[in-house]
Amino acid sequence: MPELPEVESVRVGVHEWTAGTTITGAEVIDPRILGTTSQRRIDASAVDGFIAAVTGRRIIAAERRGKFMWLTLGEDLGAGPAAEPAAPELSLLVHLGMSGQLRVHDAADEIHRHTRAILRLERGSESLQLRFIDQRIFGHLGVQPLVHAYGRLVPASANHIAADPLEPAFEPGLALEQLARKRTVVKSALLDQSLVSGIGNIYADEALFRAGIHPLAIPARTRKSRLAAVLDSATRVMSDALAVGGTSFDALYVNVNGESGYFDRALLVYGRGGQECVRCGTEIEKMTIGGRGSHFCPNCQKPPRYR
DNA sequence: ATGAGCACCTGAACGC
DNA sequence: TGCGTTCAGGTGCTCA
């Protein structure tokens, strides 16, 4: 569900509500949320381990790279008056998958039926809950050490993803060089989080349309200036989407306060198969590429000649 | 090493 | 009304 702009909208809210709070307890309602989609077998000791690892920790900040978000965790309570270490070493990784949400609630609020885990937080006399709600359980929670990758500290399981276009560590020249080596179709390459992170199915289609590139073009056989245009388009479209809170088709995507974003109104091709192109009136085509629904204008995005 | 395909889930919408 | 099929904003493992 959520791509970079949606995850960032959530991160901002999580940071505002939770930075400086202490985790006083946790509840794992569905242990599968602690696994990945391919490692679903979670035993009771893993649940206990997760709860023990986060309880008593202070939340320093909510951070993000691409679609991976995490809370940096500080010293245990009761560890004495020792100062905070110079750099945090532990993180609570949160990946929203296709249908994940983080919501801030009062303890008394009704529990939504897809709630998979709850963190109890306190700041002074104030208490609140951060709830992880995920219909499909493609999302994930986990306590992880922080490691260096692409110029900064990230949770260990995010060490393979590249910088995203909206972070200072992003190097456009490096991303372009990596992209230009790919022999798979450009639509699939844009979804490869190890080249550029944060781009998902919606923004890949939007970026290709805005740059006038056919989704089946092969990066290794495409002019670099055109590849640079696609990366610029991806950066711009995600930045524009972030400015209005991201894209929400339905109640599945909302920020921590339950609010929707408005970028669905600005989508030019995604979800418009069979409708007229906003630029030239040609019928927008929809086809499956790499198992993902892909939308494009066959006139504005000319098919590559070499296929 | 790269790339393709599929598995992992739940629920909504659609056709018959 | 009910049943089967298809689709959905992502990732990671396995195999060629």
Side-chain angles (χ1 to χ4, degrees), chain A residues 1-10 29-42 64-69 93-102 112-116 132-142 144 155-162 164 178-207 216 218-221 234 237-238 241-242 245-255 260-264 266-267 269-274 286-295:
Chain A
M1 153 184 112
E3 306 181 35
L4 188 155
E6 294 76 39
V7 179
E8 175 63 9
S9 298
V10 171
I29 297 165
D30 191 326
R32 291 177 295 178
I33 208 66
L34 299 182
T36 65
T37 54
S38 39
Q39 295 284 339
R40 275 280 163 63
R41 297 170 147 216
I42 301 298
R64 181 194 57 75
R65 162 168 280 175
K67 304 167 200 169
F68 290 68
M69 171 171 36
L93 173 76
V94 181
H95 198 292
L96 301 177
M98 289 280 264
S99 54
Q101 304 173 6
L102 280 175
H112 185 282
R113 68 173 168 141
H114 295 315
T115 304
R116 311 301 183 185
F132 191 31
I133 299 161
D134 186 4
Q135 178 193 108
R136 297 175 71 182
I137 325 183
F138 285 0
H140 167 74
L141 280 182
Q144 299 188 3
S157 73
N159 80 125
H160 65 295
I161 73 165
D164 71 59
Q178 302 276 322
L179 178 60
R181 281 195 202 109
K182 302 302 279 185
R183 303 188 157 275
T184 187
V185 295
V186 66
K187 170 64 189 283
S188 296
L190 289 176
L191 297 177
D192 182 345
Q193 305 295 300
S194 71
L195 293 183
V196 174
S197 68
I199 303 172
N201 204 36
I202 295 177
Y203 299 109
D205 282 5
E206 293 296 316
L216 293 178
I218 305 298
R221 305 182 66 170
V237 74
M238 291 197 293
L242 175 57
T247 301
S248 316
F249 301 126
D250 51 43
L252 226 47
Y253 170 71
V254 290
N255 68 15
S260 294
Y262 296 99
F263 200 70
D264 58 320
L267 297 178
V269 283
Y270 186 87
R272 299 193 66 249
K286 181 180 180 188
M287 68 186 295
T288 299
I289 301 174
R292 315 298 301 278
S294 302
H295 316 73

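From a predicted model like this one, the values you see are computed outputs, not experimental measurements. Within every chain, numbering begins at 1; the chains are lettered A, B, ... in the order of the sequence lines, protein sequences first and strands thereafter.
A:Glu8 is listed as a side-chain neighbour of A:Arg64, based on a closest heavy-atom distance under 4.5 Å.
The nearest whole Å value for the distance from the CD atom in A:Gln135 to the P atom in B:dT10 is 9 Å. The nearest whole Å value for the distance from the NE2 atom in A:His112 to the C1' atom in B:dG11 is 11 Å. Taking atom CG on A:Asn159 and atom P on C:dT11, their separation rounds to 15 Å, with Å as the unit. Taking atom CG on A:Leu93 and atom P on C:dG10, their separation rounds to 16 Å, with Å as the unit. B:dA4 atom P lies 11 Å from atom CD1 of A:Ile289, rounded to whole Å. Protein atom CG of A:Leu191 is 9 Å distant from nucleotide atom P of C:dT11, rounded to whole Å. Straight-line distance from the OH atom of A:Tyr203 to the P atom of C:dG9: 12 Å, rounded to whole Å. To the nearest angstrom, C1' of C:dA8 lies 12 Å from CD of A:Glu3.
Taking atom P on both B:dC6 and C:dT6, the two are 14 Å apart, rounded to the nearest angstrom. Taking the P atoms as reference points, B:dG11 lies 22 Å from C:dT11, given to the whole Å.
Nucleic acid contact class of A:Thr36 (heavy atoms, under 4.0 Å, all strands): none. A:Phe249 comes within contact range of at least one nucleobase, with a heavy-atom separation under 4.0 Å.
Ring-plane geometry between A:Tyr270 and A:Phe249 is classed as parallel, the angle between the planes falling under 30 degrees on a 0 to 90 degree scale with a further cut at 60.
Distances from the side chain of A:Phe68 to the nucleotides B:dC9, C:dG12, C:dG9 place C:dG12 closest. The side chain of A:Arg183 approaches B:dG3 more closely than any other nucleotide in the set B:dG3, C:dC13, B:dC9. Relative to the side chain of A:Glu6, the nucleotides C:dT11, C:dC7, C:dG9 differ in distance, and C:dG9 lies closest. When distances run from any side-chain atom of A:Arg32 to the nucleotides C:dG9, B:dG3, B:dT10, the shortest one goes to B:dT10. Comparing C:dG9, B:dC9, C:dG12 by their closest approach to the side chain of A:Tyr253 singles out C:dG9.
Put simply, CG on A:Leu34 and CD1 on A:Ile137 are 11.0 Å apart, with the number rounded to the nearest 0.5 Å. Atom CZ of A:Phe132 sits about 13.0 Å away from atom NE2 of A:His114, to the nearest 0.5 Å. Taking OG of A:Ser188 as the reference point, atom NZ of A:Lys182 lies at 10.0 Å (rounded to 0.5 Å). Put simply, CG on A:Leu179 and CG on A:Asp192 are 9.5 Å apart, with the number rounded to the nearest 0.5 Å.
Remark: C:dG9 base-pairs with no nucleotide in the shown strands. Criterion, Watson-Crick or G-U wobble with two distances under 3.5 Å. Using N1 to N3 plus N6-O4 or O6-N4 for Watson-Crick, or N1-O2 and O6-N3 for G-U wobble, each under 3.5 Å, B:dA4 pairs with C:dT14.
Comparing A:His114 and A:Arg181 against DNA chain B, the residue whose closest nucleotide sits nearer the 5' end is A:Arg181. Comparing A:Ile161 and A:His295 along DNA chain C, the residue whose closest nucleotide (by nearest heavy atom) sits nearer the 5' end is A:His295. Each of A:Gly290 and A:Phe138 was matched to the nucleotide of DNA chain B holding its nearest heavy atom; the match closer to the 5' end belongs to A:Gly290.
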Step by step, would you call A:Ser99 with A:Asp134 a side-chain hydrogen bond (donor to acceptor under 3.5 Å, both in side chains)?
CA-CA 5 Å; A:Ser99 54; A:Asp134 186 4; 2.6 Å; yes
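Between C:dT6 and A:Lys286, no contact under 4.0 Å exists linking OP1 or OP2 to a side-chain N or O. Under 4.0 angstrom from either OP1 or OP2 of C:dG12 there lies at least one side-chain N or O belonging to A:His160. Put simply, A:Lys182 has no side-chain N or O that comes within less than 4.0 Å of OP1 or OP2 on B:dT2. Within the 4.0 Å cut-off from OP1 or OP2 of C:dG10, at least one side-chain nitrogen or oxygen of A:Arg292 is found. Dashed line: the shortest gap from a side-chain N or O of A:Tyr270 to OP1 or OP2 of C:dG9 is under 4.0 Å. Regarding contacts with the backbone of C:dT11, a side-chain N or O of A:Lys67 is found under 4.0 angstrom from either OP1 or OP2. Residue A:Gln193 places at least one side-chain N or O closer than 4.0 Å to OP1 or OP2 of C:dT11.
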